[in-house]
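Working notes, beginning with the structure itself.
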Amino acid sequence: MEVKRFTALLMAVTMVLVILAGCSKSNPGSSNSPSPGGSASTSSVSPGESPSASEVPKVKKTIVFSTIQNYYTDGLKKAAEDYNKLHPETTVKIDIVVDNPTYTASFQAKMAAGGDDAPDLVHANLLGDSPSNNIKKNFILPLDEFVKEPNPYNDGISLWDGVDAAYWPYAYSDAGDIFMVPFDLVGTGFYYNKDLFAKAGITEAPTTWEDMFDSFQKLKDSGVIPLALTQVPGQDTTGWMIGAFTDWAARSLLPEIFIQPGDARSTPEVEAINSKVKYTVDNPFFDIGVVEDPERRMALWKSGKYDMEGAAEKKYWTILKQLSTYLQPGYATMSDADAYKLFISGKAAAYWNGSWQVGTILKDQKLLKDKAFAWGTFKFPDFKTPDPNFPDHPRGILVPGHQIAITNKMKNDEDKVARAKDFLKFIFSPAEAQVIYTTTIEAGQFVQGPSLVKGVTMSDEVNSYLTGFITAGNMNQNIGQIANGNPTGEINLTSELKALQLQFYNDKITLERFLKKKAEFTTRTNEKFIAENNWDLNPKTDP
């Protein structure tokens, strides 16, 4: 990643990740495969410069890139226009979907119906099933050979060599296939109004929970809402906090859920990845790109090694209850959009959300004109006094966000597949990726976070905001199932768990009663999850 200031900040924490980038099945620089729809030439093609006539398909066709509303929308439209100038025989349509659930449901339905109406390029992390299952169902293409091909839009440098090496491990499915190309990073953190903090006598962003609560109390005493966020089921951003705490407390148990040699789900490719993994308390990046076994995860829960009512659970739920006292009135039913309005209007001093909000805030600050305020970001806090139940430091979310995959719906149209692949190479050239970023930020739309395309740069201002999302590694977002069950995807179960939390926050039940009832909920939903998958919790048997 060539983001000037951000790279400098991230270099120290990504040294371990670089070691693991060699988990590919072949030498990343050795591919001599021909470019899709063309020859094996590796000559550079820049915007405004067309390939030779012999490489250009003559029949006019349309390929569809499906994205979420405001999610690189203007940037992708500009890239489509630039590509069409080079390739008038190919029209790239940017299909805009209103939200994530609609996106997932639409993709699965269209592919199940044969895929004729499905898009050609999709977000791999929004497809409603695991990458390996989507490949098995022929919903998306494995990209192992494709990412090693020369990219004619980047002096022949392959996508493999043109993307930050530290994050390729995330591109592997649990079967060892590359299922996507990572475009950027995404993280979560706190946005804060520096002007309101200064008026309350706070000169620096907090780095510990103790300091943050002290700051929030000062803000509350000054007459402003200390923190705005939503806890509406389906939008509940505190789920990221719960996940970070659970990962922090259960991190030493993580190796037990990784696929091991001799497991039914093990393959040579998976073993090549997981064999590099070794847990140490001071290495927050030890599990980068590791391949997990969901059956092992349930076996770990069943073992009782993680105490669902123990000291770690008691501490972090007490912290979350204290945090709720600094939230806006009606936080349990207020949408994220309304929580954001409190922050951008200066009624709330801080706002918990993701790095994708940077572009939106920059745009809104311009619209505020003389009412604009100084703002910054800070990450998920540490504890001032070390706690043996929470070793080392907390991790947050810091993973590839814009994960681009190619659908496998065109069995009888290899030329269309080739065009989709070629457009993907085009947008991963440094020049065009820069255009996508610049256009998106200027439009005030979502960029997930720092670019992973080498050569893309951002302004010092944007980089300064992104520093608040640099965490000590990426948390395991699945380990929470051993403490909080499997309510995801069933709104009634999600609402049940949220109602239980609110009873605790509002002093309707004690901490001990809350944890007991949550443990019962976890048992009920996990047992259902195991039964639905017909698991015997023996990873050596056929899954």
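Heavy-atom basis, side chains included; hydrogens, waters and symmetry copies ignored.
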### Under-4.0 Å salt bridge between K425 and E149
yes
### Message
According to ring-ring contact (aromatic ring centres under 6.0 Å, His included), who are the partners of W248, at least two apart in sequence or on a separate chain?
### Response
F383, F390
### Query
Partners of D95 by salt bridge (charged side-chain N to carboxylate O under 4.0 Å, His left out), sequence neighbours excluded?
none
### Task
Using the side-chain hydrogen bond (donor to acceptor under 3.5 Å, both in side chains) rule, take E295 and N538 through it: C-alpha gap first, then chi angles, then the decisive distance, then the call.
CA-CA 8 Å; E295 191 171 5; N538 181 358; over 6 Å; no
### Summary
Interatomic distance, OG1@T62 vs CZ@R419, rounded to 0.5 Å, equals 9.0 Å
### Message
Before we go on, tell me: are the rings of Y172 and F179 under 6.0 Å apart, centre to centre?
### Response
no
### Message
Check K341 with D338, please: is the shortest side-chain N to carboxylate O separation under 4.0 Å?
### Response
yes
#### Entry: For R296, all residues meeting side chain to side chain donor-acceptor pair (under 3.5 Å), sequence neighbours excluded
D263
### Query
Hey, are K148 and D144 close enough for a salt bridge, meaning a charged N less than 4.0 Å from a carboxylate O?
no
### Task
Decide yes or no for I361 and F343: does some side-chain heavy atom of the first lie under 4.5 Å from some side-chain heavy atom of the second?
yes
### Message
Holding to ring-ring contact (aromatic ring centres under 6.0 Å, His included), I want the full list of residues that pass it with Y72, two or more places apart in sequence or in another chain.
### Response
F183, H402, Y437
### Query
Mind checking what makes salt bridge (charged side-chain N to carboxylate O under 4.0 Å, His left out) contact with E527, not counting sequence neighbours?
K302
### Task
Apply ring-ring contact (aromatic ring centres under 6.0 Å, His included) to Y83 and list each qualifying residue two or more places apart in sequence or on a separate chain.
H87, F423, F426
### Task
Decide if the gap between the ring center of W535 and the ring center of F529 is smaller than 6.0 angstrom.
yes
#### Entry: Listed partners of Y505 passing ring-ring contact (aromatic ring centres under 6.0 Å, His included), at least two apart
none
### Message
Please enumerate all residues that pass side chain to side chain donor-acceptor pair (under 3.5 Å) together with S173, with sequence neighbours excluded.
### Response
none
### Task
State which residues pass salt bridge (charged side-chain N to carboxylate O under 4.0 Å, His left out) with K518; sequence neighbours excluded, sorted by chain then number.
E313
### Query
Can we say R297 and E256 salt-bridge, meaning some charged N sits less than 4.0 Å from an Asp/Glu carboxylate O?
no
### Task
Using salt bridge (charged side-chain N to carboxylate O under 4.0 Å, His left out) as the criterion, list what pairs up with K137, not counting sequence neighbours.
D129
#### Entry: For T440, side chain to side chain donor-acceptor pair (under 3.5 Å) partners two or more places apart
none
### Salt-bridge criterion met for R395 and D247 (N-O under 4.0 Å)
yes
### Message
I'd like to know if K78 pairs up with D82 as an ion pair, taking the criterion as any Lys NZ or Arg NE/NH1/NH2 lying under 4.0 Å from an Asp or Glu carboxylate oxygen.
### Response
yes
### Query
What is the ring orientation for Y170 with Y167, classed by angle as parallel under 30°, tilted 30 to 60°, or perpendicular over 60°?
parallel
### Message
Between W317 and F504, is the ring centroid distance below 6.0 Å?
### Response
no
### Task
Using the salt bridge (charged side-chain N to carboxylate O under 4.0 Å, His left out) rule, collect all pairs that involve residues 232-244, keeping only residues at least two apart or in two chains.
D236-K498
### Query
Out of curiosity, R265 CZ to T541 OG1, how far, rounded to the nearest 0.5 Å?
8.0 Å
### Query
Any salt bridge between E414 and K421, counting N to O under 4.0 Å?
no
